[in-house]
Participant: 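Sharing a structure with you now.
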Amino acid sequence: MKCSLVIMVYNDIKTLTLTFESLKIQTEKDFEVIIADDGSNSDFVSKLQKLISEANFKVKHIWHEDNGWQKEIVMNKAIVASESDYIIFIDGDCIPHKRFIEEHLKLAKEGQVV
């Protein structure tokens, strides 16, 4: 797998649905998605499971209890869950264009942050 895309989320299924639609049409297909969930509620998680079942890419959901703002903790858990040496981070309200992952990988260089 060329890369892992970590998406930070909290209870915003509407925008995440749009993000998933954009990921379905990525020109680069060799990636996984890790949803780093900072304690979203059960309604969000239920709707997320439906999104995951319809995805044409591998998805992992990393969740931890809502104890206030703890984005960094769940982000670190997502890094551990990654199966790739290259990780891209976005927030859940970002909707990548169809060449986002392809172009990100083209700019990748060892020892640098893109």
Side-chain angles (χ1 to χ4, degrees):
M1 169 159 339
K2 289 184 181 176
C3 72
S4 298
L5 177 66
V6 175
I7 305 174
M8 302 301 305
V9 299
Y10 180 75
N11 283 332
D12 183 1
I13 197 69
K14 183 177 179 180
T15 308
L16 187 60
T17 300
L18 296 174
T19 301
F20 267 52
E21 289 303 313
S22 76
L23 295 175
K24 288 179 182 178
I25 62 168
Q26 288 296 300
T27 53
E28 173 59 57
K29 303 294 185 191
D30 190 16
F31 66 93
E32 69 176 344
V33 171
I34 303 173
I35 303 298
D37 185 344
D38 192 17
S40 294
N41 62 37
S42 60
D43 182 54
F44 172 89
V45 172
S46 175
K47 291 175 182 174
L48 174 60
Q49 293 306 316
K50 184 174 184 326
L51 275 180
I52 290 171
S53 72
E54 297 169 351
N56 62 349
F57 43 86
K58 183 177 183 175
V59 182
K60 296 176 186 174
H61 179 214
I62 308 298
W63 181 92
H64 73 139
E65 189 174 351
D66 186 359
N67 288 319
W69 179 266
Q70 294 184 332
K71 177 180 176 179
E72 296 78 11
I73 293 171
V74 75
M75 186 183 299
N76 285 332
K77 290 178 181 180
I79 292 167
V80 171
S82 171
E83 295 179 30
S84 173
D85 291 333
Y86 192 79
I87 303 173
I88 302 168
F89 296 93
I90 64 173
D91 284 331
D93 59 356
C94 296
I95 303 170
H97 62 82
K98 69 180 183 177
R99 295 192 188 285
F100 177 77
I101 294 174
E102 174 190 351
E103 291 177 358
H104 213 292
L105 290 171
K106 282 181 184 176
L107 295 171
K109 291 182 183 171
E110 190 171 335
Q112 289 187 343
V113 176
V114 175

Participant: I'd like to know if the side chain of Gln26 reaches the main chain of Ile101, judged simply by a donor and an acceptor atom lying under 3.5 Å from each other, with no hydrogens or angles considered.
Facilitator: yes
Participant: List the residues meeting side chain to side chain donor-acceptor pair (under 3.5 Å) with Thr27, not counting sequence neighbours, and say none if there are none.
Facilitator: Glu102
Participant: Taking the side chain as every heavy atom from C-beta outward, state whether Met8 and Val74 have any atom pair closer than 4.5 Å.
Facilitator: yes
Participant: I need the full list of ring pair (Phe, Tyr, Trp, His ring centres under 6.0 Å) pairs touching residues 33-55, with sequence neighbours left out, sorted by first then second residue.
Facilitator: none
Participant: Measuring from Ser22:OG to Phe100:CZ, what's the distance to the nearest 0.5 Å?
Facilitator: 9.0 Å
Participant: Write out all pairs satisfying ring pair (Phe, Tyr, Trp, His ring centres under 6.0 Å) with one or both partners inside residues 74-93, taking only residues at least two apart or from two chains.
Facilitator: Tyr86-His104
Participant: Do Val9 and Phe31 sit in one hydrophobic cluster, given that two such residues count as connected whenever their side-chain heavy atoms are within less than 4.5 Å of each other, even indirectly?
Facilitator: yes
Participant: Would a distance-only check, ignoring hydrogens and angles, find a side-chain to backbone donor-acceptor pair under 3.5 Å from Ser46 to Asp43?
Facilitator: no
Participant: Does Asp30 use its side chain to pair, donor to acceptor, with the backbone of Lys2 at less than 3.5 Å?
Facilitator: yes
Participant: Counting neighbours of NZ on Lys50 that are heavy atoms of other residues, nucleotides or ligands and sit closer than 6.0 Å, is the number greater than 12?
Facilitator: no
Participant: Does Glu32 reach the main-chain N or O of Glu83 with its side chain, forming a donor-acceptor pair under 3.5 Å?
Facilitator: yes
Participant: Between the side chain of Thr19 and the main-chain N/O of Thr15, is any donor-acceptor distance below 3.5 Å?
Facilitator: yes
Participant: Do the side-chain N and O atoms of Asp38 and His64 include a donor-acceptor pair separated by under 3.5 angstrom?
Facilitator: yes
Participant: So if you build clusters from Ile, Leu, Val, Met, Phe, Trp, Tyr with side-chain heavy-atom gaps below 4.5 Å, do Ile95 and Ile88 land together?
Facilitator: no
Participant: Is there side-chain contact between Ile73 and Asn67, with at least one heavy-atom pair below 4.5 Å?
Facilitator: no
Participant: Thinking salt bridges, do Lys106 and Glu103 make one under a 4.0 Å N-O criterion?
Facilitator: no
Participant: How many angstroms lie between atom CZ of Arg99 and atom CD1 of Ile25, to the nearest 0.5 angstrom?
Facilitator: 10.5 Å
Participant: Could you tell me if the side chain of Lys47 sits less than 4.5 Å from the side chain of Leu16, heavy atoms only?
Facilitator: no
Participant: Would you give the length of the straight line joining atom CG of Leu23 to atom CD1 of Ile90, rounded to the nearest 0.5 angstrom?
Facilitator: 6.5 Å
Participant: Would a hydrophobic clustering, with Ile, Leu, Val, Met, Phe, Trp and Tyr connected at side-chain separations under 4.5 Å, put Val80 with Met75?
Facilitator: no
Participant: Measure across Ser40 and Asn11 and return the closest heavy-atom pair with its distance rounded to 0.1 Å.
Facilitator: OG-N, 2.6 Å
Participant: Would a single hydrophobic cluster contain both Leu5 and Ile62, if residues Ile, Leu, Val, Met, Phe, Trp and Tyr are joined by side-chain heavy-atom contacts under 4.5 Å?
Facilitator: no
Participant: Under 6.0 Å from the CG atom of Asp66, do we count more than 12 heavy atoms belonging to anything else shown?
Facilitator: yes
Participant: About how many Å separate CG of Asp91 and OH of Tyr10, when rounded to the nearest 0.5 Å?
Facilitator: 15.0 Å
Participant: With side chain to side chain contact (heavy atoms under 4.5 Å, CB included) as the test, would you mind laying out the steps for Asp37 and Val45 before giving the verdict?
Facilitator: CA-CA 9 Å; Asp37 185 344; Val45 172; 4.1 Å; yes
Participant: If you compare all heavy atoms of Phe20 against all heavy atoms of Leu48, which two are closest, and at what distance to 0.1 Å?
Facilitator: CZ-CD1, 4.4 Å
Participant: Cys3 and Ser84: which non-hydrogen atoms are nearest, and at how many Å?
Facilitator: CA-OG, 3.1 Å
Participant: Could you see if Leu105 belongs to whatever hydrophobic cluster contains Ile7? Use Ile, Leu, Val, Met, Phe, Trp, Tyr and a side-chain cutoff under 4.5 Å.
Facilitator: yes
Participant: Would you say that more than 12 heavy atoms from the other residues, nucleotides or ligands in this model lie under 6.0 Å from the NZ of Lys14, or not?
Facilitator: no
Participant: Is Lys24 close to Phe57 at the side-chain level, that is, under 4.5 Å between some pair of heavy atoms?
Facilitator: yes
Participant: Please examine the side chains of Ile79 and Val6, heavy atoms only from C-beta on, and report whether any two atoms are closer than 4.5 Å.
Facilitator: no
Participant: Looking at Ile13, is its backbone amide N or carbonyl O close enough to the side chain of Thr17 to form a donor-acceptor pair, meaning the two atoms are under 3.5 Å apart?
Facilitator: yes
Participant: Do any N or O atoms from the side chain of Lys60 and from the backbone of Ala81 form a donor-acceptor pair under 3.5 angstrom?
Facilitator: yes
